[in-house]
Structures are given as C-alpha cells and as structure tokens.
Amino acid sequence: MSRFLSKRLASLKAYTPGEQPKVENLIKLNTNESPFPPAPGVEKAVKEAAEKLQLYCDLTAGELTRLLAETMNVSENQIICANGSDEILAFAFQAYGEKGLAFPDITYGFYPVWAQLFGLDARVIPLNENFEIEPAKYGSNDRTLVIANPNAPTGLALPLSAIREMLILNPDQIVIVDEAYVDFGTESAIALLPEFDNLLVVRTFSKSRQLAGGRLGFAVGNPSLIADLNRIRNSFNPYNVNSMTQAAGAAALRDYAYFEECRREIMKTREWTKDQLLRLGFKVLPSRANFLFAAPPDMGGKEYLEALRKENILVRHFDAPRTKDYVRITIGSKSQMERLIEVTKGLIK
C-alpha cells in the first residue's frame, strides 16, 4: 500500500472474490454463476442500447423499474436499481448502519468488509451447530439486521414465518433480507412488505436471470426506505446503471418462460448432484440456492478442492474453523455435474 492511504483503511481486509482464471476446458463451479446464457432477447436489446451510448442512461431506469414493479407486484416507488446487489447493500449499510449491524458468523463475506470500510460496529451472531440462523438470537436488538436468505455459503433458507418473527422482534430497526438466491426454492420476503415498514429486500439479476456480468441488482421496500437509498445513490453516482444493463435487465424480465425453465433445471440438477454426493458419503446441507455446501468423507475441504483443481474443476473453500471441512459447489450444467461426480468417485476411496 502507499504511504498516502488513510490510516483508518490501512488495516482493511478486502473481500476475496472467487477465482476467475482463463483456462481452457475449465469446469468453473466456484462463483455461483448460471450455466445458461442470458435470455434470447438480451443480446438484441443490448445492441440497440449500444447505438445510443453517446447519451447518458436513464437516471430512473424507468422501463426496467416499471417491469420490476409489475413482476414483483409492488409499486414503482418501492424499487431502486443499482450496479449489482452489492451496491444496494453498500448504500443500505451507509444509510442504516450508524447504530451498528448484526449478522451471522457464517454468511456473505462482504458484510464484515463493508462494516469495516464504513466504520460501523458489527455484532456477529453464531449460527447453531447445524449452520442454521435462529431468529430468537436476533431479539432485543438495537441495530440493523442483515440476513442472507438463503444463506451463503450454506444454502440454508428460513421460512417466511422466521423472517416475520425477526421483524416483529425488531420493530424499530431495519431488517435487510439479502435474497440473491431466493429463486431457487425459497419464498421471497417481498410478501411481507405490506405488514412491515422496516423491511428491505435486496435482489440480483446475477444468478437466476443469467446477468452476472451485467451487474444489475435492485431492492424492494417501503417508499420511504427507497427514497433514503436514492438520496445516497444520487450523492454518489446517479448514473449507476448503464443503458446496456438496463436494456438487458428489461429483456430478461420480459422472458418469464426462459427464467422459469433455467431455474427449474438448476434446481433439478442440484437435487441430482446432492443425491450423488450423499451416496458417496458426503455430508450435504439441504440447499435452496444454486449451490451445495458439502463435506467429503475422509478428507478436508481444502484437500478435495486441490484434488478437483488438478482435474480442471474449480469449487470454493472457506478456510475457517467451522467451514474448513466443506466446499461450496456451484450447480453447473448437467454434463458438468456428471463430470464432477465422475472425478469425485475416483477420489473417494
């Protein structure tokens, strides 16, 4: 680092994203991307938008917001779009983190990074021995709650009744529900918005809409919360969602049949892969995401990761005391998962 870096940030431990190597014939199951291309209409929409790149993009993301409101069955003033759900979360941490934050000890790795970056106090609440979030542990709370549902990297999901319990226990605190993986088998907390003005639901197009490279996220909440986030957006980067990404998002939303087809295929392949791993003696958590959190028999998670790497298969390992025996395996295409199982059979003695 340079001698000019702020002293406050000198100790900042940055988020470590999954590897993005450029290797031929690589089976990349480490970053929770979709194995499918974007919806068929996306390419045409992006090309048309590119013809007008001399102009600034729509500040309000009007057409995209309209389609999102229609899809989510909410009002347009309940939605904000951003450069990935990460940007939404960063806005929310700044907006609502002044009195501190609370989130699980095993969850999305960016939460503690943002807390440190923005100088916010973080209370880390341990998952139970089964890697589950226990709503009662979040009662009598004096700070903003941040819950990934389904959680990452475990893939475990809370039912709406548990989210409702947390909202009831925290009537004067914001509850942020990060739903990056909700389309793979979990009911969205958006259904609770009519009951609670302290709920903010954060979503992304990266996983179930096949637009990870487009960087598009959005949040749904009470209009006053969305106004808060827009205040921060307009104080940071009003043109945060470029024209091509807006067009890609709108085209993806219009093709609901393709969205359904892809997410159902991913869930089907996930269950097939889970069954195969269980037969090989793995411990596999019951995921409701587009990945599996699995512990191989007779070897550690890092050892399994390295053995797969030699076969040009990438998975993700989190080298911490409670997660070191596990790897997170993104659900790829059926043929990719068949190759994973074939290689794994040769590794498990």
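The figures that follow rest on heavy atoms only: side chains count, while hydrogens, waters and symmetry mates do not. Throughout, residue positions are numbered sequentially from 1 according to the sequence presented. Predicted model only: the values in this text are computed from it and were never measured.
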*Check: Leu156 main-chain N/O paired with Arg288 side-chain donor or acceptor under 3.5 Å*: no
*State plainly whether the residues Glu63 and Arg254 are in salt-bridge range, i.e. N to O under 4.0 Å.*
yes
*Side chain of Asp58, backbone of Thr60: donor and acceptor closer than 3.5 Å?*
yes
*Verdict with supporting geometry, Glu187 and Val182, side chain to side chain contact (heavy atoms under 4.5 Å, CB included)*: CA-CA 7 Å; Glu187 190 174 2; Val182 74; over 6 Å; no
*Are Val220 and Leu160 connected, step by step, through hydrophobic side chains (Ile, Leu, Val, Met, Phe, Trp, Tyr) whose heavy atoms are closer than 4.5 Å?*
yes
_Gap separating the CD atom of Gln54 from the OG atom of Ser243, nearest 0.5 angstrom_ = 9.5 Å
*Determine whether Leu117 and Val124 fall in the same hydrophobic cluster, where Ile, Leu, Val, Met, Phe, Trp and Tyr are linked whenever their side-chain heavy atoms lie under 4.5 Å apart.*
yes
*Tell me, with the steps shown, if Ile341 and Leu277 meet side chain to side chain contact (heavy atoms under 4.5 Å, CB included).*
CA-CA 7 Å; Ile341 298 301; Leu277 291 173; 3.8 Å; yes
*Can you find a heavy atom in the side chain of Ile329 that is under 4.5 Å from one in the side chain of Leu340?*
yes
_For Arg339, is there an ion pair with Glu311 - N to carboxylate O distance below 4.0 angstrom?_
yes
*Can Glu48 and Lys44 be counted as an ion pair, charged N to O under 4.0 angstrom?*
yes
_Between Ser75 and Asn77 (side chain of the first, backbone of the second, donor and acceptor by atom type, cut-off under 3.5 Å), is there such a pair?_
no
_Residues Arg164, Glu195: salt bridge by 4.0 Å N-O rule_ = yes
*What heavy-atom pair brings Gly109 and Val113 nearest, and what distance separates the two atoms?*
O-CG2, 3.5 Å
_Electrostatic pair Glu51-Lys47, nearest N-O below 4.0 angstrom_ = no
*Could you walk me through whether Asp172 and Asn170 pass side chain to side chain contact (heavy atoms under 4.5 Å, CB included), step by step?*
CA-CA 6 Å; Asp172 299 317; Asn170 296 276; over 6 Å; no
_Just checking Asn73: does its CG atom have more than 12 heavy atoms from other residues, nucleotides or ligands closer to it than 6.0 angstrom?_
no
*Find the distance between OG1 (Thr204) and CG (Asp86) and round it off to the nearest 0.5 Å.*
8.0 Å
*With a 4.5 Å heavy-atom cut-off, do Val241 and Leu216 have their side chains touching?*
yes
*Take atom CG of Asp298 as the centre, draw a 6.0 Å sphere, and report whether it contains more than 12 heavy atoms from other residues, nucleotides or ligands.*
no
_Where His317 and Gly301 come nearest, the two heavy atoms and their spacing_ = CD2-C, 3.6 Å
*Look only at the side chain of Thr269 and the backbone of Glu265, and say whether a donor-acceptor pair between them is shorter than 3.5 Å.*
yes
*salt_bridge(Lys28, Glu33) N-O dist < 4.0 Å*: yes
*Going only through I, L, V, M, F, W and Y residues with side-chain contacts under 4.5 Å, is there a path from Val177 to Ile133?*
yes
*Pairwise side-chain contact, Ile266 with Ser34, heavy-atom cut-off 4.5 Å (strictly under)*: yes
*Can Tyr96 be reached from Ile226 by stepping across I, L, V, M, F, W or Y side chains whose heavy atoms are under 4.5 Å apart?*
yes
*With no hydrogens and no angle check, is any side-chain donor or acceptor of Glu260 less than 3.5 Å from a backbone partner on Ala257?*
no
*Over 12 foreign heavy atoms within 6.0 Å of CZ, Arg123*: yes
*asked:* Given 3.5 Å as the limit, does a donor-acceptor pair link the side chain of Asp325 with the main chain of Ala295, or not?
replied: no
_Side chain to side chain, Thr330 and Val315, heavy atoms closer than 4.5 Å_ = no
*For the residue pair Tyr181 and Tyr108, is the inter-centroid distance of their aromatic rings smaller than 6.0 Å?*
no
*Heavy-atom side-chain proximity of Leu89 to Asp178 below 4.5 angstrom*: yes
*From Met166 CE over to Leu199 CG, what is the distance, rounded to the nearest 0.5 angstrom?*
11.0 Å
_So Ile80 and Ile88, do their side chains get closer than 4.5 Å, heavy atoms only?_
yes
*Assess the side chains of Gln173 and Asn198: does a donor N or O sit below 3.5 Å from an acceptor N or O?*
no
*Identify the two heavy atoms, one from Phe103 and one from Tyr138, that lie closest to each other, and give their separation to 0.1 Å.*
C-OH, 4.0 Å
*Can you name the nearest heavy-atom pair linking Leu292 to Leu285, along with the distance?*
CD2-O, 4.4 Å
*asked:* Assess, by modelled atom type and distance only, whether the side chains of Thr154 and Arg328 contain a donor and an acceptor separated by less than 3.5 Å.
replied: no
*Can you measure from CG (Leu158) to CD (Glu134) and round to the nearest 0.5 angstrom?*
10.5 Å
*Would you mind reporting whether Asp105 and Ile125 have side-chain heavy atoms less than 4.5 Å apart?*
no
*Using 30° and 60° as the class limits, which term best fits the ring planes of Tyr326 and Phe293: parallel, tilted or perpendicular?*
parallel
*For the atom pair CD1 (Ile174) and CZ (Phe196), what is the distance rounded to the nearest 0.5 Å?*
13.0 Å
_So does Asn30 get a backbone contact from the side chain of Arg316, meaning a donor-acceptor N/O pair under 3.5 Å?_
no
*For the side chain of Thr144 and the backbone of Gly97, is there at least one donor-acceptor N/O pair under 3.5 Å apart?*
no
*Tell me, with the steps shown, if Lys345 and Leu280 meet side chain to side chain contact (heavy atoms under 4.5 Å, CB included).*
CA-CA 7 Å; Lys345 286 178 178 178; Leu280 292 172; 3.8 Å; yes
*Given Asp183, which of Arg209, Lys207, Arg203, Arg263 fulfils the salt bridge (charged side-chain N to carboxylate O under 4.0 Å, His left out) condition?*
Arg203
*asked:* Tell me whether the count of non-hydrogen atoms from other residues, nucleotides or ligands lying under 6.0 Å of CZ in Phe118 goes above 12.
replied: yes
*Phe218 ring center within less than 6.0 Å of Phe205 ring center*: yes
*asked:* Are the side chains of Phe259 and Asp255 in contact, using a 4.5 Å heavy-atom criterion?
replied: no
*If Ile, Leu, Val, Met, Phe, Trp and Tyr residues are connected whenever their side-chain heavy atoms lie under 4.5 Å apart, and connections chain through other members, are Leu167 and Leu200 in the same group?*
no
*Judged by atom type as modelled, is there a donor-acceptor pair below 3.5 Å linking the side chain of Thr323 to the main-chain atoms of Phe318?*
yes
*Do you know which two heavy atoms are closest between Ile106 and Asn151, and how far apart they sit?*
O-ND2, 2.9 Å
*asked:* Which heavy atom of Val42 sits nearest to which heavy atom of Ala252, and what is that distance?
replied: CG2-N, 4.0 Å
*Would you mind checking if Asp121 and Lys99 are paired as a salt bridge, meaning a charged N to carboxylate O distance below 4.0 Å?*
no
*How many angstroms lie between CD1 in Ile190 and CG in Leu192, if you round to the nearest 0.5 Å?*
10.0 Å
*Indicate whether any N or O donor in one side chain lies under 3.5 Å from an N or O acceptor in the other, for Glu179 and Ser188.*
yes
*asked:* Tell me whether Arg270 contacts the main-chain N or O of Phe184 through its side chain, where contact means a donor paired with an acceptor under 3.5 Å.
replied: yes
*For atom OH of Tyr15, decide whether the heavy atoms of other residues, nucleotides or ligands shown that lie under 6.0 angstrom number more than 12.*
yes
